[in-house]
Amino acid sequence: MYYFLNSNRRPFLLLTLISLFFIFSNCARGTLGQNISDEYHNGMVVCAYPDAAQVGLNILKKGGNAVDAAVAVQFALEVTHPEAGNIGGGGFMVFRSAKGETNTLDFREKAPAGASQNMYLDSAGNVIPGMSISTHASSGVPGSVDGMVEAHRKYGHLKWAELLQPAIDLAHNGFNITKRLANDLNRTGSEFKKLNPGGNYLSKDDGWKERDLLVQEDLAKTLEQIRDKGRDGFYDGIVADQIVDEMKDGKGLITKTDLQNYHSVWRNALIGNYKGYKVITMPPPSSGGVALLQLLQMVEKYPLSRWGFNRDSTVQLMVEAERRVYADRSKYLGDPDFYNVPVDSLLRPAYNASRMSNFTWDKATPSTSIQPGKITGYESDQTTHYSIVDRGGNAVSITTTLNNSFGSKIFVKGAGFLLNDEMDDFSSKPGVPNMFGLVGGKANSIQPNKRMLSSMTPTILEKDGKLFMVVGTPGGSTIITSVFQTILNVVEFNKSMQQAVSSKRFHHQWLPDEVDVEKGAIDSTSRAKLEQKGYKIVERGPSGRVDAILKTKWNYYEGGADPRGDDTKMGW
Ligand code: GLY
């Protein structure tokens with residue numbers, strides 16, 4: 001007592017109390033061992049490439065909001081992350097304002113007006129292998145530029161030109177590439193050459209090395225057109241002519257009219273709930289939001305946190321839910337502007353409970369015994385994601401894609417950017433799998449001007465009326481299950497955002513009937529138990545690149561940047 005009250009010792013007392021406070025608060029936040037400098041108050045960007053993250057952060061620091069930063073990042077990724085960053089593709093944005101207003105923007109590509117249901121079939125009615133991938137005819141009408149123009153028109157704060165300039169500078173001055181990008185470019189170089197006899201932009205005869213400077217002059221000129229003319233800088237004028245010329249050279253279908261007619265669409269966000277967390281996600285033509293909410297409903301009543309992360313019961317339950325949800329996806333999901341997608345029916349709790357009624361703990365349910373459910377009240381691997389929050393608390397979750405890595409691998413000559421091969425996301429023929437092994441039918445058949453079904457699942461979570469998480473990932477058909485697992489990793493298994501993102505993942509999509517696992521995702525005991533019950537477990541490479549942000553209860557932003565890629569988190 002004397003020690004604490006003695007006035008000479010009061011400074012020591014104060015210091016001791018301050019230290020105890022810091023130790024206690026860090027323990028309570030579960031962040032000991034994690035770099036506290038990873039947490040920020042004023043805003044954060046998590047995306048696929050360091051230079052693009054820096055662009056987004058600079059915009060936030062200049063007073064731009066989350067949408068401004070998103071626009072700048074989208075164009076910067078076109079330059080720095082050509083595998084998936086794009087102006088030649090499309091995507092989805094989920095937005096939540098600081099006040100809790102929600103909205104989504106659909107800037108998904110559309111089938112050209114000249115497309116038709118059987119365009120990838122031969123005279124015998126069989127799918128012509130490869131025709132919906134890496135050909136001029138595999139490209140949908142790009143939506144990304146219109147999407148960015150629309151997002152900025154509605155929510156942007158800084159001037160449009162200011163948001164384009166960093167990408168133009170990166171293209172014009174060049175940037176030093178990472179080892180991963182050098183490897184990706186070298187791996188694809190021969191295909192670039194084969195598919196672009198008129199000259200291509202990203203191959204180098206003696207091969208790329210880490211830190212080589214990548215300059216893209218033609219792309220810089222294209223971005224200048226978009227900077228100066230907005231939408232018309234892409235869908236009209238020189239760039240549109242270059243796209244149409246490219247199409248004519250390669251028997252592609254996109255016409256000037258298709259480009260002029262392209263418009264992105266604001267759609268009401270899909271809203272669900274998981275144990276008190278409000279889940280704000282993307283409606284059709286993404287299947288991702290519907291599937292994510294179905295999955296969450298199917299597992300909600302089970303004690304996942306007691307069973308533990310990736311333990312056999314946890315994996316079994318999640319796999320059985322995934323099997324049923326992907327079966328439903330194959331039948332019911334498509335472009336809502338063309339097909340009466342039965343969203344309400346699929347999201348009825350009673351329906352999802354009934355879907356799980358034939359699940360037994362003794363053995364795997366064979367996928368052959370699972371068909372898409374009967375609903376009542378019928379109304380009907382390469383992508384990239386970025387998550388951004390700003391100082392005011394606005395949040396943006398965007399997933400955008402060219403479909404394959406580097407899309408169709410076909411450049412628009414003179415314009416320096418890659419076109420998508422998104423038409424493969426349609427069902428070319430009922431029951432015949434696309435490149436992700438996904439099957440579909442009428443809901444996702446090809447029709448002129450229709451949007452192809454997507455798995456992209458940009459999502460925002462809210463807790464007690466406040467922002468909680470911004471999350472999404474690339475990964476084709478695995479997108480939905482990666483987002484599902486990342487949310488559960490935080491909500492059920494109490495992981496930090498970075499741990500949740502870095503954790504190993506598994507995936508089941510009804511067909512093929514196998515559980516795809518990243519190496520080390522499931523411990524040997526759990527694996528043996530699952531195999532004994534009849535689950536076929538197949539090891540695969542890295543799955544997805546989740547980029548996410550968590551708002552902690554201490555009001556910090558904590559990022560999770562996926563170590564599977566060059567993904568980077570930056571905040572202030
Ligand atoms: N291209 C992948 C997807 O949209 O799901």
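One-based numbering along the sequence shown. Atoms within a ligand are numbered from 1 in the order they appear, just like the ligands themselves.
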Short N or O distance, Thr383 and ligand 1, threshold 3.5 Å exclusive: no
Identify the protein heavy atom lying closest to atom 2 (C) of ligand 1, giving its residue, its atom name and the separation to 0.1 Å. Asp425 OD2, 3.2 Å
For atom 4 (O) of ligand 1, find the nearest protein heavy atom and state the residue, atom name and distance (0.1 Å precision). Ser454 OG, 2.7 Å
Cation-pi check, Arg348 onto Tyr351 ring (under 6.0 Å, within 45° of axis): no
Only heavy atoms count here, so choose which of Arg108, Met435, Met456, Glu422 is nearest to atom 1 (N) of ligand 1. Glu422
Strictly below 4.0 Å, N to O, side chains only: are Glu150 and Arg231 in salt-bridge contact? no
Using a strict 4.0 Å cut-off to heavy atoms of Thr401, name the atoms of ligand 1 that fall inside it. 1 (N)
Side-chain donor-acceptor contact under 3.5 Å, Thr400 with Asn86: yes
Hey, would you say the Phe406 and Phe192 ring centroids sit under 6.0 Å apart? yes
Step through it carefully: locate the ring centre of Tyr49, locate the ring centre of Tyr386, and say whether they are under 6.0 Å apart. no
Residue, atom name and distance, where the atom is the protein heavy atom closest to atom 5 (O) of ligand 1: Ser455 N, 2.7 Å
